[in-house]
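Counting convention: from 1, in listed order, for ligands and their atoms alike.
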Amino acid sequence: MEFTKEQILLRETVARFAREQVAPLAAEIDQKERFPRETFAKMSALGLLGLGIPEEYGGSGGGIVESCIVAEELARHCVSTSASWGAHVDLCAANICRNGTPEQKQRFLPDLASGRKLGGMAMTESEAGSDVLAMKTRAMEKGDFFVLNGTKTFITNGPVGDLFLVYATTDPKSRGKGITAFVVEKGFPGFSCGKEFEKLGWHGSPTGELVFEDCPVPRKNVIGTVNQGVKVLLSGLNSERLVISANCLGLARASLEDSVKYSRERKQFGKAISEFQMIGEKLARMAAKVEAVRCMLWSQALRMSQEGPAAMAFETACTKLLASETSLQNALDATQIFGGYGYIREFPVERYLRDARIMTIGAGTSEIMCQIISRELGKRI
Ligand code: COS
């Protein structure tokens with residue numbers, strides 16, 4: 001795939017921003033488990049919080065290719081920053097762009113584009129993870145409102161976000177045919193943040209519960225059609241799976257690039273460890289996988305930019321499966337190459353490993369990716 005001049009410039013700008021402004025904070029926000037608000041203010045000034053939002057709604061334009069470029073470059077230095085950015089730009093704003101009415105876009109997007117409001121998305125529940133269509137959060141129609149009751153969990157930006165795309169069941173008997181998407185904002189009566197989670201990785205990206213207790217949501221906040229929110233949800237998942245794959249690519253590159261540099265400097269038995277064939281083989285396998293993920297990601301991102309995400313379940317599952325497993329394996333290999341230094345906080349590879357662990361779980365587990373792929377194979381071959 002050939003990138004446009006604008007996309008190349010975007011990559012250079014974000015790579016520099018990530019090196020100069022994001023990387024220096026990465027260890028500190030990880031250790032203090034702190035959300036980097038100052039970085040989001042800087043990203044807002046650069047127009048990165050409005051990426052994917054058309055200019056008429058205050059955004060900087062662009063689409064899935066641009067989102068993946070930014071995610072890869074941010075994740076190269078700090079996955080936490082990239083994860084919270086992705087929840088805002090991809091999980092929330094991009095889906096409102098795809099499925100909202102012009103009036104809704106005018107109401108919600110300018111605040112997201114400017115960063116006045118931070119976005120997120122709420123789908124998962126304690127009993128509805130992989131089986132997400134079994135969600136129990138209930139939205140009961142009452143005049144011009146839907147009254148929401150239930151608890152969402154594992155929500156990226158939950159504790160710090162202002163505006164969420166929330167899925168609830170409007171017809172519990174109909175499973176996937178009874179789900180509706182709503183915009184719920186901080187300050188709505190009966191809407192609160194529940195528990196904030198302590199996690200293995202992604203320490204700078206807060207994750208928590210969202211609680212709805214008789215929370216009235218105006219009908220004008222329904223995104224898409226009542227009972228047909230599954231379309232919004234599935235296309236959102238496909239887009240998310242590419243953006244998370246871009247995160248995995250950035251992280252897999254980080255493990256590779258740090259390992260190459262370290263193995264040239266680290267001397268044992270009188271020579272650089274990069275000269276040992278067993279280290280060379282590890283680096284070669286890490287690099288080959290990075291190249292494979294890169295090819296797959298950009299060809300699918302280009303296709304999604306042309307055809308939209310709705311019919312890309314198979315392609316996004318294949319990409320996410322390979323990308324997430326690569327990011328985890330590369331992080332494991334990097335810690336092996338760094339030896340004892342890979343296990344302590346002096347070098348970032350210890351963080352890479354913790355940050356990589358969720359990649360084969362979040363945005364759909366590897367097992368669900370395989371289920372989607374194998375079902376599609378049944379239809380295709
Ligand atoms: N994109 C488009 N269509 C999809 C799709 C996707 N990603 N996943 C499933 N579908 C379609 C199926 O093709 C099927 O269509 P038909 O009825 O026309 O055959 C329909 O949706 C129902 O799919 P399926 O029979 O597989 O339903 P299930 O309830 O078993 O599972 C989900 C569907 C979406 C729940 C499951 O595949 C999944 O992705 N689970 C993981 C959820 C997840 O990623 N959570 C993490 C969120 S992180 S924010």
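The N/O atoms of Ile372, backbone and side chain alike, include none that comes under 3.5 Å of an N/O atom in ligand 1. For the pair Asn238 and ligand 1, the shortest N or O to N or O distance falls below 3.5 Å.
Among Arg241, Lys379, Glu240, the residue whose heavy atom lies closest to atom 43 (C) of ligand 1 is Arg241. Here the shortest heavy-atom distance to atom 10 (N) of ligand 1, taken over Leu234, Asp131, Thr156, belongs to Leu234.
With no hydrogens or angles considered, a side-chain donor-acceptor pair links Ser366 and Glu325 at under 3.5 Å.
Cluster note: Leu353 groups with Leu328, Leu332 through ILVMFWY side-chain heavy atoms spaced under 4.5 Å, whether in direct contact or through intervening members.
A search for ring pair (Phe, Tyr, Trp, His ring centres under 6.0 Å) contacts involving Tyr262 returns Phe338, Phe347, not counting sequence neighbours.
Heavy atoms of Arg375 found under 4.0 angstrom from ligand 1 belong exclusively to the side chain. The proximity of Ser235 to ligand 1, defined as any non-hydrogen pair under 4.0 Å, does not occur for either the backbone or the side chain. The proximity of Val230 to ligand 1, defined as any non-hydrogen pair under 4.0 Å, does not occur for either the backbone or the side chain.
Protein heavy atoms are absent from the 4.0 Å sphere centred on atom 22 (C) of ligand 1. The presence of a protein heavy atom under 4.0 Å from atom 18 (O) of ligand 1 is ruled out.
Residue contact annotation: Ser130 has a non-hydrogen atom under 4.0 Å from ligand 1.
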